Amino acid sequence: METGKFFHNLMERKDFETWLDNISVTFLSLTDLQKNETLDHLISLSGAVQLRHLSNNLETLLKRDFLKLLPLELSFYLLKWLDPQTLLTCCLVSKQWNKVISACTEVWQTACKNLGWQIDDSVQDALHWKKVYLKAILRMKQLEDHEAFETSSLIGHSARVYALYYKDGLLCTGSDDLSAKLWDVSTGQCIYGIQTHTCAAVKFDEQKLVTGSFDNTVACWEWSSGARTQHFRGHTGAVFSVDYNDELDILVSGSADFTVKVWALSAGTCLNTLTGHTEWVTKVVLQKCKVRSLLHSPGDYILLSADKYEIKIWPIGREINCKCLKTLSVSEDRSICLQPRLHFDGKYIVCSSALGLYQWDFASYDILRVIKTPEIANLALLGFGDVFALLFDNRYLYIMDLRTESLISRWPLPEYRKSKRGSSFLAGEASWLNGLDGHNDTGLVFATSMPDHSIHLVLWKEHG
């Protein structure tokens with residue numbers, strides 16, 4: 001009896017397989033629409049057991065892990081089409097997805113660049129750039145939410161501070177109390193304090209301090225002893241700006257007497273007096289040229305001097321009849337004033353005015369760019385880079401993304417007296433203006449003197 005039942009079932013199985021083969025051939029010959037209708041009919045005839053079986057198998061067939069199945073190069077190509085936030089969500093799918101996505105260097109480098117981050121191609125760690133992006137997105141969110149900075153004060157002067165100069169974590173302040181102080185910004189400690197004349201401008205290095213004064217002179221002082229080592233006499237008006245270069249043994253000064261003087265730094269003698277300005281000379285910059293033109297070559301030292309309306313460009317030489325190479329302005333009729341800050345990096349000259357930010361190409365002296373937006377009317381320039389610019393007015397400090405010419409962050413400033421000469425405020429660290437990198441967003445951002453004789457500091461807040 002049992003043996004007969006077995007053969008009966010076996011024959012049924014053979015009949016079933018034959019029937020299944022025949023219907024499969026017929027099914028494959030149908031059109032897509034007919035196949036769909038056939039499946040719909042079979043599903044309508046199915047019970048719970050069949051529908052559950054169908055659901056389990058469809059999930060396996062349809063949800064294929066393409067990142068796991070595809071070659072790595074092809075996976076990276078597909079991932080490049082997704083935005084960073086989507087990719088971060090995809091990292092949560094599985095350990096395998098997280099590993100593949102995190103190792104897609106090009107995707108994360110591009111995301112960092114789009115945020116204004118510098119890229120160091122020498123970094124070989126495949127997982128490095130996703131970590132950098134996460135750090136970058138946090139910092140940019142802090143900037144957007146006005147939470148990237150913090151404030152501090154330096155207290156020590158007994159009269160108005162007229163002059164500030166910042167370099168490598170150190171801030172020099174020159175005051176009407178006849179003193180100059182050198183501060184460590186990170187600790188707030190005063191490193192040196194020496195007796196001077198009234199300071200309208202200061203610049204320093206490790207050994208010395210150079211001061212321009214309201215008494216019409218320039219002086220050089222030794223930090224360690226406080227002794228005056230050189231005294232430069234010759235201007236007939238207050239000296240509002242100084243710059244020097246030890247390699248050239250040259251010091252330059254701009255004055256309220258409308259002249260620029262070139263001095264021998266070590267000897268204290270006047271080598272040249274440059275005339276042509278018809279207003280106070282509020283800024284002089286001595287800088288090495290980085291581009292070639294008909295008038296200068298890379299490596300040549302160039303002197304820039306600025307007044308209320310014009311920027312003049314001079315060659316640095318000891319000849320008596322020094323000729324101005326070029327005069328730049330934003331209005332021929334002198335109807336528009338320049339703000340008292342000047343950026344020159346050897347390639348570009350940038351200055352702000354009521355019309356906006358002007359950028360000149362130093363090779364051709366042509367205006368490359370004028371940034372005119374309602375938001376930056378009457379904003380003063382503090383710093384200018386490849387990616388960001390630092391600006392301010394009487395109420396706020398602003399960061400502009402130069403790629404979009406939009407203001408991306410602001411920080412409130414206390415009430416202070418804004419110097420017409422631009423000497424009582426300055427930008428701090430400047431490398432981040434060429435792009436953040438996760439390490440250069442530290443230290444001083446902005447400093448200004450206050451009516452109570454203190455110095456107000458705006459500093460980068462440490463990463464969260």
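Quick caveat, the model's predicted, so the values are computed rather than measured. Numbering of residues begins at 1 and proceeds along the displayed sequence.
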Is it the case that the side chains of [Y] and [X] hold a donor-acceptor pair, with the cut-off being a distance below 3.5 Å and no angle test?
| X | Y | result |
| --- | --- | --- |
| Asp176 | Thr198 | no |
| Ser253 | His235 | yes |
| Thr196 | Trp221 | no |
| His231 | Thr217 | yes |
| Thr273 | Lys261 | yes |
| His157 | Thr173 | yes |

For the residue pair [X] and [Y], what are the closest heavy atoms and their distance?
| X | Y | result |
| --- | --- | --- |
| Phe204 | Cys172 | CD2-CB, 3.5 Å |
| Gly268 | Trp263 | O-CE3, 3.8 Å |
| Gly174 | Cys199 | CA-CB, 3.7 Å |
| Thr278 | Asp307 | N-OD2, 3.9 Å |
| Val445 | Leu390 | O-CD2, 3.6 Å |
| Arg139 | Ala148 | NH1-O, 3.6 Å |

Inspect the contact between [Y] and [X] and indicate whether a charged nitrogen and a carboxylate oxygen are less than 4.0 angstrom apart.
| X | Y | answer |
| --- | --- | --- |
| Asp345 | Lys290 | no |
| Lys461 | Glu147 | no |
| Arg334 | Glu310 | yes |
| Arg403 | Asp386 | no |

Between [atom1] on residue [X] and [atom2] on residue [Y], distance to nearest 0.5 Å:
| X | Y | atom1 | atom2 | value |
| --- | --- | --- | --- | --- |
| Ile313 | Leu328 | CD1 | CG | 4.5 Å |
| Trp411 | Ile399 | CH2 | CD1 | 11.0 Å |
| Tyr358 | Ser352 | OH | OG | 11.5 Å |
| Leu170 | Ser186 | CG | OG | 8.5 Å |
| Ile455 | Leu154 | CD1 | CG | 6.5 Å |
| Leu381 | Leu342 | CG | CG | 8.5 Å |

What about the rings of [X] and [Y], do their centers lie closer together than 6.0 Å?
| X | Y | result |
| --- | --- | --- |
| Phe392 | Phe425 | yes |
| Phe384 | Tyr348 | no |
| Phe149 | Phe446 | no |
| Trp280 | Phe240 | yes |
| Phe214 | His197 | no |

Are the side chains of [Y] and [X] in contact, using a 4.5 Å heavy-atom criterion?
| X | Y | answer |
| --- | --- | --- |
| Asn434 | Val387 | no |
| Thr211 | Val218 | no |
| Leu391 | Leu382 | no |
| Leu265 | Lys208 | yes |
| Ile302 | Ile316 | no |
| Leu338 | Ile311 | yes |
| Leu303 | Leu274 | yes |
| Leu402 | Arg369 | yes |

*Go through Thr151 and Leu457 one step at a time and tell me if the side chain to side chain contact (heavy atoms under 4.5 Å, CB included) criterion holds.*
CA-CA 5 Å; Thr151 59; Leu457 306 179; over 6 Å; no

Under 3.5 Å, is there a donor-acceptor pair between the side chain of [X] and the main chain of [Y]?
| X | Y | value |
| --- | --- | --- |
| Thr110 | Glu106 | yes |
| Thr187 | Gln189 | yes |
| Thr275 | Thr259 | no |
| Asp361 | Leu368 | no |
| Ser94 | Trp97 | yes |
| Asn440 | Gly435 | yes |
| Trp117 | Asn114 | no |
| Ser255 | Ala238 | yes |
| Asp249 | Ser266 | yes |
| Ser175 | Arg160 | yes |

*Mark yes or no: Arg410 above the aromatic ring of Tyr398, with NZ or CZ under 6.0 Å from the six-membered ring centre and no more than 45 degrees from the axis.*
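No - Arg410 does not lie over the ring of Tyr398 by the 6.0 Å and 45° rule.
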
*Assess Lys203 against Tyr244: is NZ or CZ under 6.0 Å from the centre of the six-membered ring, and within 45 degrees of the ring's axis?*
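Because its charged atom sits under 6.0 Å from the ring centre and within 45° of the axis, Lys203 does stack over Tyr244.
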
*asked:* Show, in sequence, the C-alpha distance, side-chain angles and deciding distance for Val202 and Val242, and conclude whether the side chain to side chain contact (heavy atoms under 4.5 Å, CB included) test is met.
replied: CA-CA 7 Å; Val202 292; Val242 293; over 6 Å; no

_Listed once per pair and sorted, the salt bridge (charged side-chain N to carboxylate O under 4.0 Å, His left out) pairs that draw on residues 275-289, sequence neighbours left out_ =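 Residue pairs with at least one partner in residues 275-289: there are none.
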
_Using the rule given for side chain to side chain contact (heavy atoms under 4.5 Å, CB included), can you reason through Leu304 versus Ile349, listing the C-alpha separation, both sets of side-chain angles and the distance that settles it, and then say yes or no?_
CA-CA 9 Å; Leu304 266 63; Ile349 300 171; 3.7 Å; yes

*Angle class for the Tyr133/Trp108 ring planes (parallel below 30°, perpendicular above 60°, tilted otherwise)?*
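Taking Trp108 first and then Tyr133, their aromatic rings sit tilted (interplane angle of 30° to 60°).
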
*For the residue pair Trp314 and His277, categorise the inter-ring angle as parallel (less than 30°), tilted (30 to 60°) or perpendicular (more than 60°).*
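Tilted, since the angle between the ring planes falls between 30° and 60°.
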
*Show your reasoning for whether side chain to side chain contact (heavy atoms under 4.5 Å, CB included) applies to Leu87 and Cys91.*
CA-CA 6 Å; Leu87 288 173; Cys91 286; 5.6 Å; no

*Assess whether atom CD of Glu150 is packed by more than 12 heavy atoms of other residues, nucleotides or ligands within 6.0 Å.*
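Yes - once you tally the heavy atoms of other residues, nucleotides and ligands closer than 6.0 Å, there are more than 12.
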
*So does Arg233 have more than 12 non-hydrogen atoms from other groups sitting under 6.0 Å from CZ?*
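Result for CZ/Arg233: open.
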
